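Remember, predicted model here, so these are calculated numbers, not experimental data. Residue numbers begin at 1 in each chain, while the letters A, B, ... track the order of the sequences.
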Amino acid sequence: MEKNKTKTIHEQKINTLDPEKPMFPISVVADILKVHQRTLRIYDDESILTPSRSAKNRRLYSFNDIERGKFIQFMTRDIGINLAGIKIIIHLLKQQKIQPSQYLEYINQAGHDLNILKGN
DNA sequence: TTTCTAACA
DNA sequence: TGTTAGAA
């Protein structure tokens, strides 16, 4: 019937939902974040968003990587901070062990507190 | 066909 | 930031 069924349903479910599992190629992420692939490669070069790599050296982004990407876009587009600033902020968030799923909430609150939000 | 790096506009 | 050449 089903070939290659070497894992239990339970294990497969865990794999599917693991937010750190590298799954998406650069094209998909660029589309989701509405940025050029070039931009994602620059983030990678600058150690701002560093996906893992496949055996063939292709970038593979996880759900958490995409959350980090949304956060980066929010900071660049809505707050107007540059990459040097983003680099520092990400470093601080990491130190404080803030999870990627909370990045947007965290920085949005900070933006309101400081009245530095553009638009919205 | 897609992604890679590097370089140029 | 966007585009492209050439390789893999």
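- For DNA chain C, the span of nucleotides reached by chain A at under 4.0 Å from its heavy atoms goes, 5' to 3', from dT1(C) to dA8(C).
- Salt-bridge check for Asp65(A) with Arg68(A): passed, with a basic side-chain N closer than 4.0 Å to an acidic carboxylate O.
- Looking at heavy atoms from C-beta onward, Glu67(A) lies in side-chain contact with Lys70(A) at the 4.5 angstrom threshold.
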Heavy-atom protein contacts under 4.0 Å, nucleotides 2-9 of chain B, coded B base, S sugar-phosphate only, - none | BBBB-B--

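- Relative orientation of the Phe63(A) and Phe24(A) rings is perpendicular, given thresholds of 30° and 60° on the angle between their planes.
- Of all heavy-atom pairs between Phe71(A) and Ile89(A), the closest is CZ-CG2, 3.9 Å.
- Considering only residues two or more places apart in sequence or on other chains, Ile88(A) meets the side chain to side chain contact (heavy atoms under 4.5 Å, CB included) condition with Leu92(A).
- Taking the side chain as every heavy atom from C-beta outward, Tyr61(A) and Leu49(A) approach each other to under 4.5 Å.
- Considering only heavy atoms from C-beta on, Asp44(A) comes within 4.5 Å of Arg59(A) through its side chain.
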